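Values below: all heavy atoms of this structure, side chains included; hydrogens, waters and symmetry mates excluded. Numbers restart at 1 for each chain; the letters A, B, ... are given by sequence-line order, proteins then strands. Computed from a prediction, not measured in an experiment: that's the story for all the values here.
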Protein chains: 2
Amino acid sequence: MRLTSKGRYAVMALVDLARFDGINPVSLRDISLRQGISLDYLEQIFSKLRKKEIVQSVRGTQGGYILNRKAKEIKLTNIFDAVDEKVKTVQCKKESKKGCNGKSTKCLTHNLWDELETHINNFFDKKSLDDLVKENLERRF
Amino acid sequence: MRLTSKGRYAVMALVDLARFDGINPVSLRDISLRQGISLDYLEQIFSKLRKKEIVQSVRGTQGGYILNRKAKEIKLTNIFDAVDEKVKTVQCKKESKKGCNGKSTKCLTHNLWDELETHINNFFDKKSLDDLVKENLERRF
DNA sequence: ATGATACTTGACTATTTTGGTCAGGTTTAT
DNA sequence: ATAAACCTGACCAAAATAGTCAAGTATCAT
Ligand code: FES
Ligand code: FES
C-alpha cells in the first residue's frame with residue numbers, strides 16, 4: 001500500500017497555502033519553490049482542488065490561490081477525494097453483490113478489506129488542514 | 001492508496017489454507033480453483049511465504065502446504081511482510097534526516113505520513129489469521 | 001519402476017499507474 | 001503593453017503490477 005506523490009503533494013501544498021490564509025493569494029510558483037514540487041504538476045493538482053471547491057483562484061498578476069473554506073472545515077478526506085487519491089482495498093464494486101474477478105459471490109476476505117478501508121478513512125476524516133498547520137507550528141518552536 | 005492483488009491473494013489463500021489446518025496439506029491447485037487465483041501466481045506467493053516460515057511445504061503426491069505456526073500467531077503484518085506488501089506513505093528513508101527529493105530537511109507533512117503509516121500498521125498488527133477464519137465461520141451460519 | 005501430483009525456480013511480458021513534461025493559451029494588475 | 005499567474009490538454013518515460021511460461025525436482029500410489 002503506497003501513498004502516491006499526487007496525494008502527498010496536494011496536502012503539502014495546501015498546508016503551505018493555509019499558513020497564509022486570509023492574507024494574500026499564494027502563487028503556485030511560490031509553493032513550487034518552497035516545497036520543491038514541479039510547477040506544472042502543481043497546476044494539475046490545483047485544477048482539481050479548484051473544481052472541488054477546496055480553493056479559489058485569483059487570476060492575473062499578484063494572483064494565486066486562496067482557501068475556499070475554513071481550514072478547520074477541510075478534511076484530508078476532502079483533499080484526497082478531490083485529487084482522486086482513493087483508498088481502494090478491493091477491485092470489485094462495493095455495491096455489487098458479485099465478487100472480484102466476476103465471481104458470483106464475495107471472497108473469503110472481502111469483509112476484512114472493507115474494515116481496512118474504513119479504518120484508513122477514519123484517519124482521513126479526523127484530520128483537518130487546520131490541525132496540520134497547528135501541529136506544524138508547534139513543532140517549529 | 002491501493003492494496004495490491006498480491007497482498008490480497010496472500011491473505012485469501014492463507015485463510016483458505018488455515019481452514020484445513022492440522023488435517024492435510026492443501027495443494028495450491030485446490031486453492032487456485034476455490035479462490036480463483038492463478039496457480040502460477042500462487043506459486044510465487046507461497047515461495048515467499050515459505051521463505052519467511054509462514055508455511056511449510058510437503059512435496060510429492062498428496063503434498064501441499066501447511067501452516068508453520070499457529071493461526072493465532074500469524075498476524076496480517078507477518079503475511080504482508082513476507083510478500084513485500086509494504087505500507088509506504090513516503091519516499092524518503094525513515095532513518096535519514098534528509099527529506100524526500102534529497103532536500104536537506106523533512107517536509108511540512110512528514111510527521112503526518114508517519115502517523116498514517118502507524119495507524120495502518122496497527123490494523124495489521126491486531127488481526128491474526130485465526131481471527132479471520134473465525135469471523136468467516138460466524139458469517140457463514 | 002513409473003506415472004501423476006505437486007512443489008521449485010527463474011525468466012519473461014503485457015498492462016496499468018505514476019509522475020511528471022510541454023506547448024499553448026487566457027486573465028488581470030501595474 | 002507586459003509580465004505574472006492561472007488554465008487546459010496532450011503527451012511521455014519509468015516504475016509497478018499482475019501475471020505467464022518453461023523447465024525443472026521430489027514424493028507417493030500403484
Ligand atoms: S475483494 Fe472483491 S470479492 Fe473479495
Ligand atoms: S515525506 Fe519525505 S520529507 Fe516529508
- Item | Closest non-hydrogen atom pair, B:Lys103 against A:Gly36 | NZ-N, 3.9 Å
- Item | Spacing between B:Tyr41 atom OH and C:dG10 atom C1', to the nearest angstrom | 16 Å
- Do the side chain of B:Gln44 and the base of D:dT20 come within less than 3.5 angstrom through a donor-acceptor pair of N or O atoms? yes
- Message: If you compare every side-chain N and O of A:Ser38 against the phosphate oxygens of C:dT21 (OP1, OP2), does one of them come in below 4.0 Å?
- Response: yes
- Is it true that a side-chain atom of A:Ser27 and a backbone atom of A:Gly64 form a donor plus acceptor pair closer than 3.5 Å? no
- Query: Do other residues, nucleotides or ligands put more than 12 heavy atoms under 6.0 Å from A:Glu53 CD?
  - Reply: no
- Message: Counting only side-chain nitrogens and oxygens, does B:Arg29 get under 4.0 Å of the OP1 or OP2 atom of C:dA4?
- Response: no
- Matching residue for B:Asn68 among B:Lys52, B:Glu73, B:Gln56 - test: side chain to side chain donor-acceptor pair (under 3.5 Å): B:Gln56
- Message: Which is more 5' along DNA chain D, the nucleotide nearest A:Glu43 or the one nearest A:Met1? Just name the residue.
- Response: A:Glu43
- May I ask you to say what B:Phe46 touches in the nucleic acid, namely base, sugar-phosphate or nothing, with a heavy-atom cut-off under 4.0 Å? nothing
- Basic-acidic side-chain contact under 4.0 Å: A:Lys75, A:Asp125: no
- Think B:Tyr9 has a side-chain N or O under 4.0 angstrom from the OP1 or OP2 of D:dG19? yes
- Report which part of the nucleic acid A:Val26 touches: base, sugar-phosphate, or nothing (heavy-atom distance under 4.0 Å, all strands). sugar-phosphate
- Got a salt bridge between A:Glu135 and A:Lys127, using NZ or NE/NH1/NH2 to carboxylate O under 4.0 Å? yes
- Task: To the nearest Å, give me how far apart CG (A:Asp84) and P (C:dT17) are.
- Result: 12 Å
- Closer than 4.0 Å, any side-chain N/O of A:Ser57 to the OP1 or OP2 of D:dC6? no
- Query: Counting side-chain heavy atoms from CB outward, which of C:dT17, C:dT9, D:dG19 is closest to B:Arg2?
  - Reply: C:dT17
- Would you mind telling me which residue lines up with the more 5' stretch of DNA chain C, B:Gln91 or B:Gly63, judged by nearest nucleotide? B:Gly63
- Does C:dT5 have OP1 or OP2 sitting under 4.0 Å from an N or O in the side chain of B:Ser27? no
Can you pull every protein N or O that's under 3.5 Å from an N or O on nucleotides 28-30 of chain D?
unit_1, atom_1, unit_2, atom_2, d
D:dC28, O2, B:Thr61, OG1, 3.0

- Query: Using 30° and 60° as the class limits, which term best fits the ring planes of B:Tyr9 and B:Tyr41: parallel, tilted or perpendicular?
  - Reply: perpendicular
- Message: From CG of B:Leu39 over to C1' of C:dT8, roughly how many Å is that when rounded to an integer?
- Response: 12 Å
